[in-house]
Amino acid sequence: MQLTLHARQPFSLHSVIYSHGWCQLAPFKEDASQAGLSLITRLENSQVVELHLSETPGGVLIETPETLDDQAIRNISEMINWMLGLDQEFSDFYALAGAEPKLAKAAARAQGRILRSPTLFEDVIKTILTTNTLWAATKRMNANLVAQFGDSLPTNLEARAFPTPASLAAADEATLRAQTRLGYRAPSVLALAQRVASGELDLESLKHSDLPSTELRKRLQTIRGIGPYASANLLMLLGRYNFLTVDSWAIKMVSQEWYNGGPVTPAQVESAFEKWGDWRGLAYWLWDWTRV
DNA sequence: GGTAGACCTGGACGC
DNA sequence: GCGTCCAGGTCTACC
């Protein structure tokens, strides 16, 4: 099956794929050429498929060896549209960024879209796995979750999709802690999976929520394991750029950029980008931190 | 509202 | 090979 989707211009698949580290997390798989991206995902009809994404004039080409019915194709179309933010509009941001040397290349590179997972559930779990640990450990924990709880491709039992809420909800905390190496994050992951699987929490509805960003942030922070940094990361994935993902790296970068390497508080990191208004999270994210 | 300490893993380092 | 130290956000108790 082949499917072509149109993207609002300017668009660069490479810029979306490398917008952050998600492309390194299973079940995403980077192309050796860095020109495309593969993923294994579970469709609404429970079919597990492998999709390959590549750029085509005006948009993105989706290919899979599977034979799919019309409903599955619609499902994939909506999923990829969400993951790549094909409808997202950044002209206001580009107009502002053009006057700032540290962001001047954003429009030419078609930057702004942040790679999303197929479901917000997957993105919340992955975000929890990024907290209070090194990137190598995040990749390991995530790979363990996929390997132990994800559904397999029919044609390759080793290749798995991200676990469903139900499959994780059925796990026990001890297994998550010890075998998946989630450590103290295990209760958070388990509690979230159980809330989503039971229907108590409709995470996916937040993708298109009308809530103001501050309210959405409060809602996200009711999830165990989601604090200021993680909620800001999730808001950015939801297309809200009102908050900064202030982590230790951000503090270090702002210290070097504006405080001559001196001590910097999270509030000072926030204020450094305050003038960017509703775009401040994106201005921070795309800022060219290289010294001139 | 602000602060301190616990939570857990794995890499780096010294012995 | 073993022990110790440290980095990395969130949560909770306490002031």
Side-chain angles (χ1 to χ4, degrees), chain A residues 19-26 114 116-117 120-149 163 165 168 171-196 200-201 203 206 213-238 240-257 259 261-274 280-282 284-285 287 289:
Chain A
S19 53
H20 63 147
W22 257 213
C23 63
Q24 298 174 21
L25 297 179
I114 310 292
R116 298 156 167 159
S117 300
L120 189 57
F121 172 73
E122 185 173 333
D123 277 337
V124 174
I125 297 287
K126 285 176 174 174
T127 297
I128 290 172
L129 301 189
T130 66
T131 59
N132 201 27
T133 193
L134 304 177
W135 181 242
T138 297
K139 290 198 284 187
R140 190 178 307 115
M141 288 185 274
N142 182 74
N144 288 340
L145 274 183
V146 171
Q148 294 182 34
F149 299 100
L168 284 181
D172 64 276
E173 186 181 318
T175 299
L176 289 173
R177 271 183 188 272
Q179 293 184 25
T180 320
R181 312 305 290 167
L182 297 190
Y184 73 92
R185 299 170 196 81
S188 302
V189 169
L190 190 56
L192 178 64
Q194 289 171 343
R195 289 179 67 194
V196 174
E200 177 198 334
L201 176 63
L203 260 187
L206 298 182
S213 296
T214 49
E215 291 302 313
L216 196 49
R217 185 177 193 239
K218 286 180 189 171
R219 187 75 65 88
L220 289 168
Q221 289 190 5
T222 64
I223 299 169
R224 183 175 176 180
I226 300 297
Y229 158 81
S231 60
N233 187 60
L234 289 167
L235 282 171
M236 195 161 68
L237 288 169
L238 289 167
R240 314 285 191 110
Y241 308 105
N242 318 66
F243 295 93
L244 271 62
T245 50
V246 181
D247 57 7
S248 54
W249 186 85
I251 288 172
K252 183 180 173 184
M253 290 297 107
V254 169
S255 169
Q256 290 177 359
E257 187 86 354
Y259 292 88
V264 169
T265 66
Q268 287 172 305
V269 175
E270 295 278 355
S271 69
F273 286 90
E274 205 168 353
R280 55 189 179 272
L282 195 57
Y284 157 74
W285 195 251
W287 199 259
W289 296 102

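We name chains A, B, ... by the order of the sequence lines, and we start the count at 1 in each one. Not measured: the values here are computed from a predicted model. The figures that follow rest on heavy atoms only: side chains count, while hydrogens, waters and symmetry mates do not.
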(request) Could you pick out which residue, Ala137(A) or Asn132(A), lies toward the 5' side of DNA chain B when each is mapped onto its nearest nucleotide? (result) Asn132(A)

(message) For the helix from dG1(B)-dC15(C) to dC15(B)-dG1(C), what angle separates the axis at the start from the axis at the finish, each from five pairs, in steps of 10°?
(response) 30°

(request) Mind calculating the distance between OH (Tyr229(A)) and P (dC11(C)) to the nearest angstrom? (result) 14 Å

(request) Rounded to the nearest 0.5 Å, what's the gap from OG1 on Thr130(A) to NZ on Lys139(A)? Could you check? (result) 13.5 Å

(request) Would you check if Leu182(A) and Asn144(A) make a side-chain contact, meaning some heavy-atom pair closer than 4.5 Å? (result) no

(message) Please report the distance, rounded to the nearest Å, between CG in Leu134(A) and P in dG11(B).
(response) 8 Å

(message) Of the listed nucleotides (dG10(B), dG9(C), dT10(C)), which one gets closest to any side-chain atom of Arg181(A)?
(response) dG10(B)

(message) With a cut-off of less than 4.0 Å, is there a side-chain N or O of Ser248(A) near OP1 or OP2 of dG8(C)?
(response) yes

(message) In whole Å, I'd like the distance from the CG atom of Leu176(A) to the P atom of dT9(B).
(response) 12 Å

(request) State whether Arg224(A) places a side-chain N or O below 4.0 Å from either non-bridging phosphate oxygen (OP1 or OP2) of dC11(C). (result) no

(request) Identify whether any heavy atom of Ala136(A) sits under 4.0 Å from a base atom; if not, whether one sits that close to sugar-phosphate; answer base, sugar-phosphate or nothing. (result) nothing

(message) Using only modelled atom types and a 3.5 angstrom limit, is any donor from either the side chain of Tyr184(A) or the base of dG9(C) paired with an acceptor on the other?
(response) yes

(request) Starting from C1' on dG9(C), measure out to CG on Leu234(A) and report it in whole angstrom. (result) 13 Å

(message) In this structure, is the centre-to-centre distance between the rings of Tyr241(A) and Trp285(A) below 6.0 Å?
(response) no

(message) To the nearest 0.5 Å, what is the distance between CG on Leu220(A) and CG on Leu238(A)?
(response) 6.5 Å

(request) Name the nucleic acid region contacted by Ile128(A), choosing base, sugar-phosphate or nothing; use a 4.0 angstrom heavy-atom cut-off, strictly under. (result) nothing

(request) In whole angstrom, give the distance that lies between atom CG of Leu182(A) and atom C1' of dC8(B). (result) 11 Å

(request) For a side chain to side chain contact (heavy atoms under 4.5 Å, CB included) with Gln221(A), tell me which candidate from Lys218(A), Arg219(A), Arg217(A) qualifies. (result) Arg217(A)

(message) How many whole angstroms separate atom CZ of Arg185(A) from atom C1' of dC11(C)?
(response) 13 Å

(request) Tell me what Thr133(A) touches on the nucleic acid: a base, only sugar-phosphate, or nothing, going by heavy atoms under 4.0 Å. (result) base

(request) Take the protein atom CG of Asn144(A) and the nucleotide atom C1' of dG10(B), then report the distance between them rounded to whole Å. (result) 13 Å

(request) Would you kindly give the CZ-to-C1' distance between Arg140(A) and dT9(B), to the nearest whole Å? (result) 8 Å

(request) Find the distance between CE (Met236(A)) and CZ (Phe243(A)) and round it off to the nearest 0.5 Å. (result) 13.5 Å

(request) Sort out for me which residue in Thr127(A), Thr131(A), Thr245(A) forms a side-chain hydrogen bond (donor to acceptor under 3.5 Å, both in side chains) with Asn233(A). (result) Thr127(A)

